[in-house]
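Accompanying notes for the structure given below.
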Amino acid sequence: MHPQWVLPLLLAWIVLPWLLKIQRRKWLYSGTGVLLLLAYGFLGSPLTINLGERFLARSLPPDSGQSTQAIVILGRGTELRPQRVETAIALWQAQKNQSDGKAPLIFASGTGDAIEIAEMLKAKGIPESAIDGEPCSRTTEENAQFTAALLQPRGIHRILLVTDLPHLRRSWLTFQSLGFEVIPHASPLSPDLSERRTALLVVRECLGLVTYGLLGRYEPRTVTEMPIAIAASARSRFGVRSVPADHR
């Protein structure tokens with residue numbers, strides 16, 4: 001993900017066999033480095049972004065604008081946080097207008113993101129009673145497990161899931177496997193994200209999508225006991241009130 005680390009390593013791989021005067025297989029070592037360098041260049045290209053996003057967006061159901069019980073925002077770090085917050089606020093306001101003032105809950109998920117997202121939502125005028133979340137999850141699997149552990153006991157099963165497009169399909173399938181009725185909604189990537197970083201993000205998500213499938217995380221299953229215990233303890237850290245009746 002960080003060219004300033006990867007490129008020097010690949011260049012060293014190519015040059016070192018000659019500097020160290022390795023007699024055997026130096027062409028093989030250097031040639032492998034050249035191939036890896038070319039592959040890395042391809043993975044950071046616009047073609048990779050285009051092909052990868054087509055693959056990741058395949059089979060995603062459209063957001064028809066129907067009302068949901070909760071809008072779930074998945075954390076992705078400081079750089080992508082503002083876009084997620086703005087997207088969630090627009091969706092929340094639209095649902096509130098459509099349902100005569102009965103707005104859904106906004107639920108933020110992710111360590112290092114959930115509390116910050118909640119503060120940004122409050123600063124933008126979203127009432128505290130409409131905000132909840134968990135600040136413990138570190139992976140998409142934990143996002144889904146902890147969110148299910150906190151929301152499903154309250155009868156919340158129909159959610160609108162907000163994350164960036166590359167991450168959306170893996171998240172949608174994972175949340176769906178734990179019993180949620182999920183409407184996926186893509187938030188835009190940061191305009192400050194470089195083309196190379198976007199391409200590498202897409203590649204990472206393609207690998208993540210396949211890996212989660214091999215691990216069986218898209219098959220129907222139930223929340224395990226550990227996420228329930230962790231999520232319960234996280235409530236005090238989040239510092240928000242329980243969900244009022246009109247958010248169920």
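Not one N or O on the side chain of Asp132 forms a donor-acceptor pair closer than 3.5 Å with the backbone of Phe107. Remark: the backbone N or O of Asp164 is not paired with any side-chain donor or acceptor of Gln83 at under 3.5 angstrom. Side-chain atoms of Arg158 come within 3.5 Å of backbone N or O of Ser67 as a donor-acceptor pair. The backbone N or O of Leu74 lies less than 3.5 Å from a partner atom in the side chain of Arg84, making a donor-acceptor pair. Listed for the Ser137 side chain is a donor-acceptor partner under 3.5 Å among the backbone atoms of Gly110. Listed for the Ser177 side chain is a donor-acceptor partner under 3.5 Å among the backbone atoms of Thr174. Without hydrogens or angle criteria, Arg154 side chain to Leu150 main chain gives a donor-acceptor distance under 3.5 Å.
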Query raised in the report: Which is it for Thr163 and Asn143 under the side-chain contact (heavy atoms from CB on, under 4.5 Å) test, yes or no, and what are the steps along the way?
Result: CA-CA 12 Å; Thr163 187; Asn143 286 143; over 6 Å; no
Query raised in the report: For Thr147 and Ile159, what are the C-alpha separation, side-chain angles and deciding distance, and is it a side-chain contact (heavy atoms from CB on, under 4.5 Å)?
Result: CA-CA 11 Å; Thr147 301; Ile159 65 171; 5.5 Å; no
Query raised in the report: Does the pair Thr139 and Tyr212 meet the rule for a side-chain contact (heavy atoms from CB on, under 4.5 Å), with working shown?
Result: CA-CA 11 Å; Thr139 65; Tyr212 267 42; 4.1 Å; yes
Requested in this report: Assess whether side-chain contact (heavy atoms from CB on, under 4.5 Å) is satisfied between Leu105 and Gln69, documenting all intermediate values.
Outcome: CA-CA 6 Å; Leu105 174 74; Gln69 295 167 292; over 6 Å; no
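The line from CG of Leu121 to CD1 of Ile131 is 5.0 Å long, rounded to the nearest 0.5 Å. In this structure, CZ in Phe180 is found 9.5 Å from CG in Leu161, a value given to the nearest 0.5 Å. In this structure, the separation between CG on Leu209 and OG on Ser171 is 10.0 Å, given to the nearest 0.5 Å. Note that the OG1 atom of Thr78 and the CD atom of Glu116 stand 7.5 Å from one another [nearest 0.5 Å]. Taken from CD in Glu141 to CG in Leu178, the straight-line distance is 6.5 Å, to the nearest 0.5 Å. Atoms NZ and CD1, on Lys122 and Ile106 in that order, are 12.5 Å from each other to the nearest 0.5 Å.
For Leu151 against Ala70, the heavy-atom pair with the smallest separation is CD1-CB, 4.3 Å. Pairing each heavy atom of Ala88 with each of Ile73, the nearest pair is CB-CD1, 3.4 Å. Here the closest non-hydrogen pair linking Ile183 and Pro62 is CG2-O, 4.4 Å. When all heavy atoms of Pro135 and Ala114 are compared, the pair lying nearest together is CA-CB, 3.9 Å. In plain terms, the two heavy atoms of Ser190 and Leu80 that are nearest each other are N-CD2, 3.3 Å. Listed here is the closest heavy atom pair of Gly208 and Tyr218: O-OH, 4.1 Å.
Around atom CZ of Arg221, more than 12 heavy atoms belonging to other residues, nucleotides or ligands sit under 6.0 Å away.
For the 3.5 Å distance criterion, the side chains of Ser109 and Glu134 qualify, holding a donor opposite an acceptor. A donor-acceptor contact under 3.5 angstrom links the side chains of Gln95 and Thr68, judged on distance only.
Between Lys124 and Glu86 the shortest side-chain heavy-atom distance falls below 4.5 Å. Residues Leu160 and Trp92 form no side-chain contact, since every pair of their non-hydrogen atoms from C-beta on lies 4.5 Å or further apart. Using a 4.5 Å heavy-atom threshold, the side chains of Phe175 and Pro184 count as separate.
Both tests pass for Arg169 against the ring of Phe55: distance under 6.0 Å to the centre and angle within 45° of the axis.
Cluster annotation: Leu56 and Val210 are assigned to distinct hydrophobic clusters (Ile/Leu/Val/Met/Phe/Trp/Tyr, side-chain heavy-atom contacts under 4.5 Å, transitive).
Shown are His167, Arg217, Glu205; of these, the side-chain hydrogen bond (donor to acceptor under 3.5 Å, both in side chains) with Thr140 is made only by His167.
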